[in-house]
2 protein chains.
Amino acid sequence: MPRKPAEQTVQPDAILKAAATVFYRKGYHGATMAEIAAEVHLTAGSLYHHFPSKEDLLCAVLDHGLTQITRSVRAVVNSADPPAEKLRAIVQIHVLSEIEHVNIAAAVIFEGRALLEMPGVRDQYVRQRDTLEGLYRQVVEEGIAAGDFRPVDVGIFVKTLFGALNWVSLWYREGGRLTGREIADEIAGTFLAALRPLPADDTPR
Amino acid sequence: MPRKPAEQTVQPDAILKAAATVFYRKGYHGATMAEIAAEVHLTAGSLYHHFPSKEDLLCAVLDHGLTQITRSVRAVVNSADPPAEKLRAIVQIHVLSEIEHVNIAAAVIFEGRALLEMPGVRDQYVRQRDTLEGLYRQVVEEGIAAGDFRPVDVGIFVKTLFGALNWVSLWYREGGRLTGREIADEIAGTFLAALRPLPADDTPR
DNA sequence: CAAATAATCAAATGTAAATTTGATTATAGA
DNA sequence: TCTATAATCAAATTTACATTTGATTATTTG
């Protein structure tokens, strides 16, 4: 009994990537199924053999992107490196994700808002996002506890860092003055400098 | 000869604000003329007596928002305050704009992308945005020149600051743990700390 | 090779939303 | 008070998609 044919002519992953690209370029509402399909040389209708709807496609993109970056970041957080090293490594990962697999991470960031209109889905997304943010938070808290970082409002600090990192996808251009790695390093430098403990006050009274 | 009637039943400014709110909430493509109109108790069609198209409405919102924040920031930059003070003041302005007139500034930030599809318009927007960024840049350069700030890559630093500030509109919620002013202060603290000159190396050889 | 079914397409279908149109209402100024 | 016109509306009109439908093609497996 003949079954289970066709080794995926177009891989779901390619579609995800295409969708991420277009969502990022146009926003969820601005993106058309036809445009996404064209990106992988299909017609709009054909996409429905792979994903049941545009909304599902967005969810898949977000889920995939967040899962991936979270995995990488978690590995760093669980390592034995000192907090400053961890922070630097995380910034690298975040920036390079945005730039290299460009669109997945970037779409995640910006199209979260579109998801907020879709109740059932929203929770899953928010949970994943909070998990990722929690990892950043953990590193900062660890550094403060160890005395490597000065005390800051961790909530605000992490949001600030996130904003700065996510913004990169809006201005980064291939072949610009700096490479992604250099950009990440500069940004990490800024935030590590911000966390330098205040100089001990040795001034004699 | 009777002319020039009706003292604007609905002021263009109210429409701009409504549009900004909705653009921010849904994104440019996700926003409907009907929704914007409803916000000021009009019907979709009526909007066309005030603005020739949805696209024009977006342009007006962006122009208005950018002009306003730029004016405020410029005043600070031209003041005689020391660079650190200026930076702190600018951050206040930026954050409070996002929160108070909430939507204008926020819409500006995120809907810039929608504009990038509209060639003729795009240039005007990019020019205004660069002007604003230039003012931030100026303050940082001034501080470095004066020795108040450590030397940093000003381009990246300003983008980083911008990202952090613009991100606020995505997570700020009325009645949260901190007021807008407190948030702005914390963020300013982070970036000013990042700019602290390195401690002079007094270590005896 | 042949059956079963995956992958695809071209062409409907349906719908939501931008924009237009043709009144209607209200007001400023003569 | 009367007139021109601004501001508005309700009801078309148009368009741009998302999604469906009904083939057609390709491929796996027996």
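To find a chain, count down the sequence lines: A is the first, B the second, and so on, and within it residues start at 1. Computed from a predicted model, the values in this text were never measured in an experiment.
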Next item on the list: Return the value, rounded to whole Å, for the distance between atom NE2 of A:H50 and atom C1' of C:dA7.
Entry: 6 Å
Checklist line | Set of residues satisfying side chain to side chain contact (heavy atoms under 4.5 Å, CB included) with respect to A:T70, sequence neighbours excluded | finding: A:R74, A:T131, A:L132, A:L135
Notebook entry, point to check: In whole angstrom, what separates A:H41's NE2 from C:dA7's C1'?
Noted result: 16 Å
Margin query: In this structure, how many angstroms lie between the P atom of D:dT25 and the CG atom of A:L42, rounded?
Written below: 17 Å
Check: Taking only residues two or more places apart in sequence or in another chain, which ones pass side-chain hydrogen bond (donor to acceptor under 3.5 Å, both in side chains) with A:T179?
Finding: A:E182
Margin query: Protein within reach of the bases, or only the backbone? For nucleotides 13-25 of chain C, mark each nucleotide 5' to 3' as B, S or -, using heavy atoms under 4.0 Å.
Written below: ----SSBB-----
Item checked: Atom-pair distance (CZ on A:F51; C1' on D:dT19), nearest Å -> 16 Å
Item checked: Range-with-range stems for DNA chain C, at least three Watson-Crick or G-U pairs under 3.5 Å -> C:1-30 with D:1-30
Notebook entry, point to check: Can you name the salt bridge (charged side-chain N to carboxylate O under 4.0 Å, His left out) partners of A:E85, sequence neighbours left out?
Noted result: none
Checklist line | Pairing residues for A:D130 by the side chain to side chain contact (heavy atoms under 4.5 Å, CB included) criterion, not counting sequence neighbours | finding: A:V126
Next item on the list: Could you pull out all residues at least two apart from B:D56 that satisfy side-chain hydrogen bond (donor to acceptor under 3.5 Å, both in side chains)?
Entry: B:S53
Next item on the list: Take atom CG of A:L47 and atom P of D:dC17, then tell me their distance rounded to the nearest Å.
Entry: 15 Å
Check: Any chance the rings of B:H94 and B:F162 have centres within less than 6.0 Å?
Finding: yes
Checklist line | Atom-pair distance (CD1 on A:I15; C1' on C:dA7), nearest Å | finding: 10 Å
Notebook entry, point to check: With sequence neighbours excluded, what pairs up with A:Y48 under the side chain to side chain contact (heavy atoms under 4.5 Å, CB included) test?
Noted result: A:M33
N/O donor-acceptor pairs under 3.5 Å from side chains in residues 149-160 of chain B, not counting sequence neighbours:
residue	atom	partner	partner atom	Å
B:R150	NE	B:A194	O	2.7
B:R150	NH2	B:A194	O	3.3
B:D153	OD1	A:R177	NH2	2.9
B:D153	OD1	B:G155	N	3.2
B:D153	OD1	B:I156	N	3.1
B:D153	OD2	A:R177	NH1	2.9
B:D153	OD2	A:R177	NH2	3.2
B:K159	NZ	B:E133	OE1	3.2
B:K159	NZ	B:E133	OE2	3.3
B:T160	OG1	B:I156	O	2.8

